[in-house]
Amino acid sequence: MGKLIDGDDGLLDDDLERSSEDQHSFGGVWTRIKLEALEKYLVAFNTALSKQSFTRLYIDAFAGTGRCDIKVDGEKKSIDGSARRALTANPSFHKFCFIELRPKKLAALNALGAEFPGKTIEVIQSDANTALKTLCSQHQWNSERAVLFLDPFGMHVEWSTLEAISKTGAIDVWYLFPYAGLYRQAAKNADALDADKEASLTRVLGTDEWRQVFYAQNRQTDLFGGSNGDVRETDHRQMLEFVSKRLKGLFPAVTEPKVLYQGGDSKNPSGAPLFALYFAASNPTPKAYGLAMKIAKDILDTL
Ligand SMILES: C[S@@+](CC[C@H](N)C(=O)[O-])C[C@H]1O[C@@H](n2cnc3c(N)ncnc32)[C@H](O)[C@@H]1O
C-alpha cells in the first residue's frame, strides 16, 4: 500500500501514480462529465447569440483527435471528443479553430474537414499558449464571440495565456484545471521542490505567492535541534481555493470549480480528485457575463 500524501483526505501515492498513467492513455468518468458540460454550453451559447450579429468561434486549444478512449468500470469505449462535439453543436458556430501540439493527432483533426464539409475549420499545429496568444491579439473581438476549451493533461496553461484571453473581453472559457498536477508539483516537503516544479507552479498560477500561502516553517526540529525546512500546510482544498481566488482576480466572472474524481459519479465520487472544472467569462459587461454564468452554473449543478 502507498503512503499517505495528505492525512486529511487519505490520498495514496499509488492512486496518484495510477491515475496519471490512466489519464494519458484512457480517460474515465471525468472525461464524460467535462465533455457533457462543454457540449451543453456550446448549444446554449449559440442559441443565446443566434439573434446577434457576432461571428461565433469555437477554439479547442488541446484538441486531441476528435475521439476519446475511456475506461469506465473496466470497460473500454471510444466516445466523441470535444472537437466533434463542437462540430455537431446546433445551432452551429461559424468557425472552428483546433490547436494541437502532437503531429500524430493532426491527421485525424485535418480529416474532420472532409467529414464536415460545410464547416470552416482551421487546424493549427502549435503549443496552445503560443497559438492562443497570437489568436487573442489578431481577432476582431468587437465583432466576434468565442468559446474556448482548455483541456490539458497537466500543468500546461500559462497564466500569461489566461491574461491574454481575459483581455479580449469576448471569450468564454471552460478550463479543466489540473488539480492532481498542482498537488503533485507542490510537494508536501519543500525540500522536494526543485527549480522546475517551482517554475511550473509560478507559470500556471501567475505568481510566486503560492510559496508563502502553501508552505510554512516546519515546527518540528531535527535530532540536533535544527530546522527541518518548510512543509506544505495547506491541504488540497485550500490549494484549490487559492486557484479560484487567482482566477476570480483575473476574469470578470468565474464559477466555483467542479471537482472531478478518478472514479464514481460526481454525486458519489471515488479515488483521487484529478481535475477541477471551471467556467470563466471574459466579457466585462454584467448582462453578458450574468447570462453566461447562469447557464454555466446550471450545467455544473446538473453534473
Ligand atoms: C486531454 S487531451 C484533449 C482531449 C480533447 N479535448 C478531447 O476531448 O478529445 C490533451 C491534448 O493536448 C495535446 N497537447 C499536449 N500539450 C500540448 C500543448 N502544449 N499545446 C497544445 N496541445 C497539447 C495532447 O497531445 C492531447 O491531444
Side-chain angles (χ1 to χ4, degrees), residues 19-20 22-43 45 57-71 78-89 93 96-102 104-106 108-109 112 121-133 135-136 146-159 161-162 164-165 171-182 203-204 240 243 247 251 254-255 257-262 266 273-282 296 299-300 303:
S19 64
S20 170
D22 284 354
Q23 273 168 54
H24 287 76
S25 46
F26 284 96
V29 187
W30 70 90
T31 310
R32 229 168 29 203
I33 295 174
K34 74 180 180 188
L35 290 171
E36 278 173 20
L38 176 76
E39 188 170 358
K40 284 182 183 162
Y41 189 78
L42 299 184
V43 174
F45 173 90
L57 172 67
Y58 172 74
I59 309 164
D60 205 321
F62 297 84
T65 59
R67 301 281 302 169
C68 288
D69 294 327
I70 63 168
K71 192 159 73 178
S78 172
I79 60 172
D80 277 353
S82 49
R84 275 177 181 278
R85 288 175 196 239
L87 285 163
T88 51
F93 286 88
F96 302 82
C97 176
F98 300 142
I99 303 163
E100 170 58 51
L101 183 64
R102 310 266 172 247
K104 64 178 184 185
K105 310 226 168 155
L106 289 176
L109 284 178
L112 291 172
I121 303 172
E122 183 182 13
V123 177
I124 301 174
Q125 188 195 350
S126 168
D127 163 57
N129 295 287
T130 310
L132 283 172
K133 283 174 192 165
L135 207 141
C136 287
V147 180
L148 163 66
F149 188 31
L150 293 173
D151 184 20
F153 282 135
M155 306 272 283
H156 301 313
V157 178
E158 297 167 8
W159 190 259
T161 303
L162 296 178
I165 294 161
I171 301 181
D172 289 350
V173 189
W174 284 90
Y175 182 10
L176 192 74
F177 184 84
Y179 192 8
L182 174 74
R203 208 169 40 240
V204 167
L240 197 59
V243 176
L247 290 172
F251 288 92
V254 181
T255 61
K258 180 88 185 174
V259 175
L260 304 182
Y261 293 81
Q262 190 174 2
S266 38
L274 296 181
F275 296 101
L277 183 61
Y278 284 96
F279 172 80
S282 68
I299 291 170
L300 288 168
L303 294 178

From CA spacing to verdict: side chain to side chain contact (heavy atoms under 4.5 Å, CB included), W30, L277:
CA-CA 10 Å; W30 70 90; L277 183 61; over 6 Å; no

Heavy atoms, side chains only, cut-off 4.5 Å: are [X] and [Y] in contact?
| X | Y | value |
| --- | --- | --- |
| F62 | F149 | no |
| I79 | R32 | yes |
| L247 | W159 | yes |
| L150 | L132 | yes |
| P273 | L240 | no |
| F98 | L87 | yes |
| Y261 | I33 | no |

Rounded to the nearest 0.5 Å, how far does [atom2] of [Y] lie from [atom1] of [X]?
| X | Y | atom1 | atom2 | result |
| --- | --- | --- | --- | --- |
| I299 | T255 | CD1 | OG1 | 10.5 Å |
| L112 | I121 | CG | CD1 | 5.5 Å |
| Y58 | R85 | OH | CZ | 10.5 Å |
| K34 | L260 | NZ | CG | 9.0 Å |
| I124 | L106 | CD1 | CG | 11.0 Å |
| L101 | S126 | CG | OG | 7.5 Å |

If you compare all heavy atoms of [X] against all heavy atoms of [Y], which two are closest, and at what distance to 0.1 Å?
| X | Y | value |
| --- | --- | --- |
| A276 | P257 | CB-CB, 3.9 Å |
| V157 | P152 | CG2-CG, 4.0 Å |
| L42 | A89 | CB-CB, 4.2 Å |
| C68 | L35 | SG-CD1, 4.2 Å |
| E100 | G64 | OE1-N, 2.8 Å |
| L109 | G66 | CD2-N, 4.4 Å |

Give me the one residue out of W174, F251, Y175 that meets ring-ring contact (aromatic ring centres under 6.0 Å, His included) with F279.
W174

Under 3.5 Å, is there a donor-acceptor pair between the side chain of [X] and the main chain of [Y]?
| X | Y | result |
| --- | --- | --- |
| R84 | R67 | no |
| N129 | H156 | yes |
| E158 | V204 | no |

May I ask you to check whether F93 and F45 place their ring centres under 6.0 Å from each other?
yes

